[in-house]
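Notes for the one structure printed next.
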Amino acid sequence: MARMAEFDLVRWIAQGYIELFRCTPMLVQLFWIYFALPALTGVTIPGFASAVIALTANLTAFMAEAYRSGFQAVPVEQIEAGKMLRLTSIQRLRYIILPQAMRQQIPVILSLNISMFKDTALVSTIAVADLMFRANTLATQSYKALEVLSLAAVMYFVIAFPVSLLTSYLERRSQTAASGRSSPKKGTRTKSGAATPIGASS
């Protein structure tokens, strides 16, 4: 909402935040929060907290653009109809914009979450004991890097693959629903009442 605000300052701040986290590597963001931010503020941030902050800030930037595109995809006529019905801005957002925008953007949101789940492997670089950190430790101790890292890859796949299937299903379902709404009905009737088959010349 800040990205689409009428006030320039609010819109610029939101756009700056989004572009900053979208256009810089996730690993750089993680290192900056873990190493540089404590140097600037004098406050030590634990590894787990740094990982949560970095992942949240990064995902928020991508999610904001997904939401914005969904909001702007809602037909203007429906928003104008809401104004004619004297709905407030909050009511238009709640009853008109959000339901349609979220329905359209669910596949994108799920895809972003899959990408973020895979990016959690990067938190092992700041000694956060996640799956990848444990796998690296075990591989070093057992000298079986191939077996251990392959098992870690399989675990990531087992978790992410069902969500990927769900995303594909929702995309196909939304495309089918959109094509069903846009396709003309068979046997539409003319003014004289006779049914006209699709493709018949007028």
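Computed from a predicted model, the values in this text were never measured in an experiment. We're numbering straight along the sequence, starting at 1.
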Trace of the salt bridge (Lys or Arg N to Asp or Glu O under 4.0 Å) decision for Glu6 with Arg11: CA-CA 7 Å; Glu6 296 180 357; Arg11 188 172 63 254; over 6 Å; no

Check: [X] side chain, [Y] main-chain N or O, donor-acceptor pair, under 3.5 Å:
X	Y	result
Ser164	Ala160	no
Ser150	Glu147	no
Gln29	Thr24	yes
Thr56	Ile53	no
Asn113	Ile109	yes

Under 4.5 Å between any side-chain heavy atoms of [X] and [Y], yes or no?
X	Y	value
Ile106	Leu110	yes
Thr120	Val128	no
Leu40	Trp32	yes
Leu138	Lys144	no
Thr60	Ile18	no
Gln78	Gln100	yes
Leu149	Met132	yes

Which pair of non-hydrogen atoms, one from [X] and one from [Y], has the smallest distance, and what is that distance?
X	Y	answer
Ile126	Ser50	CD1-CB, 4.3 Å
Ala51	Leu30	CA-CD1, 3.8 Å
Leu87	Arg92	O-NH1, 2.8 Å
Ile96	Gly82	CD1-CA, 3.8 Å
Ser111	Thr167	OG-CG2, 3.4 Å
Ala121	Asp130	CA-OD2, 3.7 Å

Decide whether [X] and [Y] are clustered together by the hydrophobic rule: side chain heavy atoms of Ile, Leu, Val, Met, Phe, Trp, Tyr closer than 4.5 Å, transitively.
X	Y	answer
Leu112	Tyr169	no
Met4	Val10	no
Leu59	Leu27	yes
Phe48	Ile45	no
Phe62	Met116	yes

Euclidean distance, [Y] [atom2] relative to [X] [atom1], rounded to 0.5 Å:
X	Y	atom1	atom2	answer
Thr125	Met26	OG1	CE	9.0 Å
Leu170	Gln105	CG	CD	12.5 Å
Leu98	Arg103	CG	CZ	11.0 Å
Met63	Arg68	CE	CZ	15.5 Å
Leu37	Ile33	CG	CD1	7.0 Å

Audit row: Thr137, Arg134, side-chain contact (heavy atoms from CB on, under 4.5 Å) steps and yes/no: CA-CA 5 Å; Thr137 303; Arg134 297 294 187 184; 5.7 Å; no

Partners meeting side chain to side chain contact (heavy atoms under 4.5 Å, CB included) with Met155 (sequence neighbours left out):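 Leu131, Leu151.
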
Ring centre gap for Phe117 and Tyr156 strictly below 6.0 Å: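 Distance test on ring centres: under 6.0 Å, yes.
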
Pairs touching residues 72-87 that satisfy salt bridge (charged side-chain N to carboxylate O under 4.0 Å, His left out), sequence neighbours left out: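 Of all non-adjacent pairs touching residues 72-87, those that pass salt bridge (charged side-chain N to carboxylate O under 4.0 Å, His left out) are Glu80-Lys83.
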
Parallel, tilted or perpendicular: rings of Phe71 and Tyr67 (30°, 60°):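 It falls in the parallel class, under 30°.
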
